[in-house]
Amino acid sequence: MSNFKKILQKLFSGLGLFVTTFFVFFPILWLSLTAFKQAKDAYSTSLFFDPTFQNYINIFSNPNNFGYLLLNSVIVAVITIIIAIPVASLAAYALSRFHYKVKNVLMIWLLSTQFIPPVVIVIPYFVLFRTLHLMDTRIALVLMNLSFVLPFATWMIKGFVDGLSITLEEAAFVEGCSFLQVITKITIPLAMPGIITTSIFILIQSWNEYLFALILTRNNAVTMTVGLNSLVTDRGVIWEQMSAAGILIMVPIFIFSFLVRKHFTQGLTLGAVK
Amino acid sequence: MNSVIYHGPKKWFILAPALFILAAMTIYPVVNIFIVSFQDWNLLKSPEPKGWIGFDNYLRAFQDPDFWNSVGVTFIFTIISVTLSIIIAIAIALQLYPKGIYRTLLKACLIFPYAISPALKGYTWRFMLNPHYGVIDKIIGWFIPPLQDAVFLGTKAGALFWLAYTEIWGWAPFMALIFIGALDMIHPDVFSAAKIDGVNRVQMFRFIKLPLILPVLLMVTLLKTIFSVKIFDQVLTLTNGGPGQATETINFFIYKNGFKFFEMGYASAQSILLILLMVVFAAFYIKTVMKGGVDA
């Protein structure tokens, strides 16, 4: 291969990498820059500006109170995890270890939840929560989040339990361990890495959830994603504060998704792609 | 793996909580909206359904040009976003597949756009596409000066394209990761052997890489299609269905009828129609997954 051709090839692959990097990260970079701009700089495309933390101070104070919305997002995500993980772990163990005549039906049922759009599920619950006076409560959001989180968590944890050898459980059973002891003392500790990974996925999905919170909350249970809407005002969108709030939503998710990046593709395709 | 260590009622006992929640989140809502879809019910007018009206809600949907508009919008949106995200994903995968420090770093960060809340994605692009101070407008203006102050979200085609683009931005890198995984599964000897036989780059892709990742490609296409049909968050935050009704997808249309006009009966009928559509995709998807998935 001639030298010229080699240089040309290097140039091309360099350009390709630049375009890819730009395509993937530019919006994130731009949002991050804007989050530290003063109002007057946010509405220009200049790269040079006096950085400020004022936007963060503004979104945490009246009338936006993102501190409270942050609290709501955290509480909803944590309670969703606390309910979903034990329920999903038990179901995953059962589906992995026991024989059911209707096992295929159960598995298809789990998968089918992915095909009922959230806007459909929320219609009857909207009516129900109104009658039960559960509108604008965190518990309503947790219940709705379970609709997409639980099947997903069960499927994922089942994948991890399937990978564990059964010999240890059998030995413990022979030694006289009770059925629940086998699960809690042997299987769960061994499947812990998988359970933690699943918890992080639940956290990400619950944190990013928008539709349910949009429909079911007004003031008390508003989460951060829906809080973004309050920055769209009569006088236009306050973009520098929107960006600051965006950073607040984005950065924790980046950290968590980075932690589970090895399972990322498998997790979010419900194990369809390994 | 099936165990014989325990056969008894307890195996149903530990499955029960999950089944209960699952029933509450699938059977209850679907049966409920199925019943309501045959009833006359506007929540603003009465807290209870007003009475049975047979198939009127369904007939109304079939005669409603706005409903057909939403079907068309969803269809075009799905075609654009699925096609472009697959092409871009393959391009990214082919570039990042070779080893290297920068490439490895880039690969590790490819999940970020996907991990961002879809609602935030919509707002981010709405900001960058603003005709007065949007950075994307400016960049496009450098290359194509007449488009400098174009109001991209103000035209029907523009709004629909950029709506699809926000989705492509999130999905293409994520899909690229799946493709890279699939390429990594191919033994490197295959590529060396082909090289020795004098296969060029284009042939290498067309006759070796593409056929080998095809099963994964088809699976991802199906998955992406399902997610495209379900699109909602970005519609609201990027275009709010506009201009006019140019970006009203089916999910957005149901949302509008159900939670802006509170036409519970009508929204339920549309939901049933949407579910019927999803069942077709679901059948294909479930078939693949139940077979044990596709190795990437």
Side-chain angles (χ1 to χ4, degrees), chain A residues 16-17 20-21 24 27-28 30-31 43-45 87-88 90-91 94 96-99 107-109 111-113 115-117 119-121 123-124 146-147 150-151 154 162 166 169-170 173 179 204 208 210-211 215 225 228 239 242 246 249-250 253-254 257 261 264-265 269-274, chain B residues 1-3 5-6 10-11 14-15 17-18 21-22 25-26 29 32-33 92 95 106 108 110-113 115-120 123-124 127-128 133 135 138 169 173 177-178 181 216 219 223 230 232-233 251 254-255 258-259 267-268 271 274-275 278 282 286 288-290 293-296:
Chain A
L17 284 181
T20 305
T21 313
V24 176
I28 299 171
W30 196 252
L31 199 71
Y43 297 91
S44 77
T45 44
V87 174
L90 286 180
S96 175
R97 295 293 191 242
F98 299 143
H99 177 73
M107 298 303 273
I108 289 174
W109 190 14
L111 281 176
S112 71
T113 54
F115 302 98
I116 308 175
V119 72
V120 174
I121 301 175
I123 292 175
L146 285 177
S147 71
L150 188 76
T154 306
D162 281 342
I166 202 165
E169 284 166 32
E170 278 170 339
F173 213 74
F179 169 69
I204 294 175
N208 284 344
Y210 180 72
L211 173 70
I215 292 170
T225 48
L228 292 175
W239 288 115
M242 177 80 79
I249 295 174
M250 223 161 58
I253 290 309
F254 283 172
S257 55
R261 66 186 183 283
F264 206 79
T265 50
T269 58
L270 263 186
V273 176
K274 289 179 183 150
Chain B
M1 192 189 325
N2 286 321
S3 162
I5 51 175
Y6 189 81
K10 272 183 196 155
K11 77 176 184 184
I14 64 168
L15 202 54
I21 295 178
L22 208 55
M25 291 302 160
T26 52
N32 197 302
I33 61 162
I92 297 176
Q95 276 182 55
L106 206 56
L110 276 186
I111 45 179
F112 288 171
I116 294 176
S117 155
L120 179 60
Y123 277 128
T124 306
F127 174 48
M128 295 196 301
Y133 45 80
V135 67
K138 200 119 194 181
W169 172 54
L177 266 185
I178 297 176
V216 175
M219 188 64 225
L223 194 72
K230 287 204 291 185
F232 174 81
D233 298 6
N251 279 277
I254 295 175
Y255 164 78
F259 301 102
S268 297
S271 301
L274 177 59
I275 289 177
M278 297 299 271
I286 287 171
T288 325
V289 174
M290 294 301 279
V294 180
D295 286 315

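All figures in this text were calculated on a predicted structure; none of them were measured in a lab. Here is the naming used below: chain letters follow the sequence lines, and residue numbers restart at 1 for every chain.
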Taking all atoms of both residues into account, what is the closest heavy-atom pair of [X] and [Y], and its distance?
X	Y	answer
B:Met128	A:Trp30	CG-CD1, 3.8 Å
A:Trp239	B:Phe127	CG-CD1, 3.2 Å
B:Thr124	A:Pro27	CG2-O, 4.1 Å
A:Ile249	B:Ser117	CG2-CB, 4.2 Å

At a heavy-atom distance under 4.5 Å, which candidate from [options] has the highest pair count against chain A?
options	value
B:Ala282, B:Ser268, B:Pro17	B:Ala282
B:Leu22, B:Ile254, B:Thr26, B:Ile116	B:Leu22
B:Leu274, B:Val135, B:Leu120, B:Leu15	B:Val135

Exercise for the section: Verify, without hydrogens or angle tests, whether B:Lys11 (side chain) and A:His99 (backbone) share a donor-acceptor contact under 3.5 angstrom. Expected result: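 Answer holds: yes.
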Exercise for the section: Output yes when a side-chain donor or acceptor of A:Asn208 lies under 3.5 Å from a complementary backbone atom of B:Ala115, and no otherwise. Expected result: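 Indeed, once roles are kept as given, a pair shorter than 3.5 Å links the two residues.
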Practice task
Quick one: list whatever passes side chain to side chain contact (heavy atoms under 4.5 Å, CB included) with A:Ser112, sequence neighbours left out.
Solution key: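 A:Ser112: side chain to side chain contact (heavy atoms under 4.5 Å, CB included) contacts with A:Trp109.
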Practice task
With sequence neighbours left out, write down each residue that passes side chain to side chain contact (heavy atoms under 4.5 Å, CB included) with B:Pro29, or none if nothing qualifies.
Solution key: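 Listed in chain order: A:Ile121, A:Pro124, A:Tyr125.
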Handout entry: Test item: B:Trp169 and A:Ile28 side chains (from C-beta on) under 4.5 Å apart, heavy atoms
Key =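 A side-chain contact under 4.5 Å exists here.
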Practice task
Check whether any side-chain heavy atom of B:Met25 lies under 4.5 Å from a side-chain heavy atom of A:Leu150, and answer yes or no.
Solution key: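 Side chain of B:Met25 against side chain of A:Leu150, heavy atoms only: no contact under 4.5 Å found.
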Can you say whether [X] sits under 4.5 Å from chain B via the side chain, the backbone, both, or neither, judging by heavy atoms?
X	result
A:Leu17	both
A:Ile215	side chain
A:Ile123	both
A:Leu228	both

Exercise for the section: Output the option from A:Thr225, A:Leu146, A:Leu31, A:Thr154 having the highest count of non-hydrogen pairs under 4.5 Å with chain B. Expected result: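 If we count pairs closer than 4.5 Å to chain B, A:Leu31 comes out on top.
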Problem - B:Asn32 versus chain A, the contacting section by heavy-atom distance below 4.5 Å - result: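 Side chain only.
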Problem - Side chain, backbone, both or neither of B:Phe259 within contact of chain A (heavy atoms, under 4.5 Å) - result: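 The side chain, not the backbone.
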